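Down below is the structure, laid out as structure tokens.
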Amino acid sequence: MKAPYLEIDLSKLHSNAKNLVAIFEAKGIGITGVTKSFLGDPRIAESLVSAGISSLGDSRIQNIIRMKEANVQASFSLIRSPSASEADDVVSYADVSFNTELSVIAALSKAAVEQKKIHDIVLMVEMGDLREGILHDDLDTTIEKVLRMEGVRLIGLGTNLACLNGVKPSKYNMDKFSRLAGIYEKSHGIKLTLMSGGNSANFDWVQGSDTMGRVNNIRLGEAILMGRETLSRRHIEGLHLDAITLVAEVIESKVKPSLPEGETGLDAFGNTPIFEDKGEMLRAIAGLGKQDVHVDGLTPMIDVDILGSSSDHIILDATRTPLVVGDQIRFSIDYAALLSSMTSPFVGSVYI
Ligand SMILES: *Cc1c(COP(=O)(O)O)cnc(C)c1O
């Protein structure tokens, strides 16, 4: 296989998904598998579905269309608030969308009426992280107005913490979120069947709390793909950390000095390089760079050090593990490296 490529171990992903389904099921919580970081790749989506995840969520309607066209059998939620201009596609392809703006919901309502469909709506509520969400003071009138719109059906509330500002899901804010369900069910005579309480950062809250309140759904991306919860990036016991790895090829390997020669200025990215004189070293170059991946998110799986990188090169100190041209080198990746390499047109995928 032509390097660089992502090696995607579908059986490890399946196993991660299956373990998480069991852990969350024991707490009465259903999982929505979040597919955005792999662009809705149907093979990965299938491995989650076959592990018992029947609800998939993505932030991009294009990814949902990709999975639908590949005939992935699941319910699809658009988990980023849609733009009004994509309302037609959202109603055509998503079963549910998460929303915060009445003008957008009005556009969804119009599209749904035209398409003779009922489109399900979740209202995202602001719980302190200050990304998307309706303020509590505005929730009552928003619900009232949504209930009066044709073609859309309010099925629940959602919240998202620990994303923009790292606000932790706690007993306090999760109980407060749960209480909203009872309050608005009573005041509006409705049933809120979906209470979508967060993402991979809710793992510790789910594990550590004796009651989930009304929360019955969590949206998980990173936990499934990377095997970690995301508040402290702790390994979740029993899950694979290396379900997805990145492989690059060595395109140069030479013994060179560790100190550059000549007067130095800024590097290609405007930074001032720092060097340490380690004498001569075996410097290997991997044919992969900042244009392909967030290099800071890579950890070599063999005993070499990353000395630096440019658009197209990663320079390694391979003195302890001699590499020759043509060798393939494997990196474990974090979420930022996954996102960037998945979206690079230069990085392929291999499934095992
Ligand atoms: C990305 C995203 C998720 C998934 O987050 P992970 O940290 O990958 O579990 C959940 N909900 C929303 C709204 C998202 O945008």
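Order of listing sets the numbers, starting from 1, for every ligand and every atom in it. Only a predicted model underlies this, so the values are computations on that prediction, with no experimental measurement involved. By convention here, the first residue in the shown sequence is residue 1.
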Salt-bridge contact Asp204-Arg234 (side-chain N to carboxylate O under 4.0 Å): yes

Charged N-O contact under 4.0 Å between Arg233 and Glu222: yes

No-hydrogen, no-angle side-chain donor-acceptor test under 3.5 Å, Ser309 and Lys290: yes

Identify all side-chain donor-acceptor contacts of residues 278-286 below 3.5 Å with residues at least two apart in sequence or on another chain.
none

Non-neighbouring partners of Asp303 that pass salt bridge (charged side-chain N to carboxylate O under 4.0 Å, His left out), sequence neighbours left out: Arg320

Glu185: salt bridge (charged side-chain N to carboxylate O under 4.0 Å, His left out) partners, not counting sequence neighbours: Lys191, Arg214

Neighbouring residues of ligand 1, heavy-atom cut-off under 4.0 Å: Val34, Lys36, Ile79, Arg131, Glu132, Asn160, Asn199, Ser200, Arg219, Leu220, Gly221, Glu222, Tyr335

